[in-house]
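All remarks here apply to the structure that follows.
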Amino acid sequence: MTLRVLLADDDPLPRTGVAVVLEAAGIEVVGEAGDGVRAVELCRELAPDLVLMDVRMPGHDGIEATARIVDAGLATRVLVLTTFPDDEYVWRALRAGAHGFLLKRAAPERLVDAVRTVAAGHTLLDPLVTRPLVDRLVTRRGGAPDDARLRHLTSRETEILRLVAEGLTNAELAGRLGIAESTVKTHVKRILHKIGARDRAGAVAIAHRSGLV
C-alpha cells in the first residue's frame, strides 16, 4: 500500500522540494498546508498516514497542531521537519505526541527513510538533536547511571542499542551490520522489551545514562 503524506509548512518552496523527493520514492503527497490550523483540518479530511510538520507556522504552530491531531485521536503520525535543532522544540514536540524529529538539512534518502520509519510505527530522532535531548532527560529525572538492564542483552543486542543511540535508522543498521532490516527490527523489539523501554527514544535515554555511548 502506498504511503500517504501531508506536508505542513508555511514556505511553499520547501514543500515543493519535499514533495518531489517523496513522490520520486513512490510516496504519495495527498495535500499541503501553509499553517497549523489547515494542517489539522486536512488530517481530519484526508486521513494521511503521516504529516511532515514544520514548527514555526502561523495560526497554530507545528507543536500545537501536533497536539490537536493527537488529542483528536487521529491515526495520522507526526514527523516534525524543521530548520531549528533546538532541544526545547524537540522536547515540546515529543510531549505533544510527535513520533519523530528531523532537521531539514537531512539528505533526501534520509528523509524518505525517516518517513517510512515513522509511518511504520517507530520513533525517530535526528542524531543532531539526540544528545541534547538525552542530557535534558537525564537532568529532569536526576537518576544515576544504571547498567543493570543492559546485562540482559546479548553482545549483538548491545551493539545494536549503541548504534540506535547514535541515531542510526533500521535501514542504516542493516547496512552497517550486513543483516536484513527485518532482523534489525526483531532485535530492536527484543531490546526494548529487555530494558523496559517504551520506544526508541526511551532506549536512547537508557543507553546514554548507562554510559553505553
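If you're wondering where the values come from, they're calculated on a predicted model, not measured in any experiment.
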* Structure fact -> Nearest heavy-atom approach of Arg15 to Gly34 is NH1-CA, 3.9 Å

Only pairs under 3.5 Å count here: list side-chain donor-acceptor contacts from residues 193-203, not counting sequence neighbours, and write none if there are none.
| unit_1 | atom_1 | unit_2 | atom_2 | d |
| --- | --- | --- | --- | --- |
| Lys194 | NZ | His152 | O | 3.3 |
| Lys194 | NZ | Glu157 | OE1 | 2.8 |
| Lys194 | NZ | Glu157 | OE2 | 3.3 |
| Asp199 | OD1 | Ala201 | N | 3.2 |
| Asp199 | OD1 | Gly202 | N | 2.9 |
| Arg200 | NH1 | Asn170 | OD1 | 2.8 |
| Arg200 | NH2 | Leu168 | O | 3.0 |

* Are Leu74 and Val37 connected, step by step, through hydrophobic side chains (Ile, Leu, Val, Met, Phe, Trp, Tyr) whose heavy atoms are closer than 4.5 Å? -> no

* Asked: Of the non-hydrogen atoms in Ala98 and Val80, which two are nearest, and what is the gap between them?
  -> CB-CG2, 3.9 Å

* Partner residues of Glu28 under the side-chain hydrogen bond (donor to acceptor under 3.5 Å, both in side chains) criterion, sequence neighbours left out -> none

* Considering only heavy atoms from C-beta outward, does the side chain of Leu6 approach that of Glu32 to under 4.5 Å? -> no

* To do: Sequence neighbours left out, what passes side-chain hydrogen bond (donor to acceptor under 3.5 Å, both in side chains) with Asp10? Give chain and number order.
  => none

* By side-chain hydrogen bond (donor to acceptor under 3.5 Å, both in side chains) - contacts of Arg4 (at least two apart) -> none

* Structure fact -> The side-chain contact (heavy atoms from CB on, under 4.5 Å) partners of Ala120 (sequence neighbours excluded) come to His122

* To do: Can you see which heavy atom on Thr2 is nearest to which on Gly26, and at what distance?
  => CG2-O, 3.4 Å

* **Under 3.5 Å donor-acceptor, His99 side chain and Val78 backbone** => yes

For residues 176-184, which side-chain N or O atoms pair as donor and acceptor with protein atoms under 3.5 Å away, sequence neighbours left out?
none

* Any side-chain heavy-atom pair from Thr154 and Arg190 closer than 4.5 angstrom? -> no

* **Donor + acceptor pair across side chains of His187, Arg156 (<3.5 Å)** => no

* Structure fact -> Sorted by chain and residue number, the salt bridge (Lys or Arg N to Asp or Glu O under 4.0 Å) partners of Arg110 (sequence neighbours excluded) come out as Glu172

* **Set of salt bridge (Lys or Arg N to Asp or Glu O under 4.0 Å) partners for Glu45, sequence neighbours left out** => Arg38

* What residues form a side-chain hydrogen bond (donor to acceptor under 3.5 Å, both in side chains) with Arg116, not counting sequence neighbours? -> none

* **Considering all heavy atoms, the nearest Arg105-Thr83 contact** => NH2-O, 4.2 Å

* Would you find a donor on one side and an acceptor on the other, under 3.5 Å apart, between the side chain of Asp126 and the backbone of Leu103? -> yes

* With sequence neighbours excluded, give me every salt bridge (charged side-chain N to carboxylate O under 4.0 Å, His left out) pair touching residues 46-63. => Asp54-Lys104, Asp61-Arg92

* To do: Could you pull out all residues at least two apart from Ala47 that satisfy side-chain contact (heavy atoms from CB on, under 4.5 Å)?
  => none

* Transitive ILVMFWY cluster of Leu102 at side-chain heavy atoms under 4.5 Å: who else is in it? -> Leu3, Val5, Leu7, Val18, Val21, Leu22, Ile27, Val29, Leu50, Leu52, Leu79, Leu81, Leu111, Val112, Val115, Val118, Leu124

* Shortest non-hydrogen separation from Pro48 to Thr76 and the atoms involved -> O-OG1, 2.7 Å

* Which pair of heavy atoms, one from Ala8 and one from Val51, lies closest together, and at what distance? -> CB-CG2, 4.1 Å

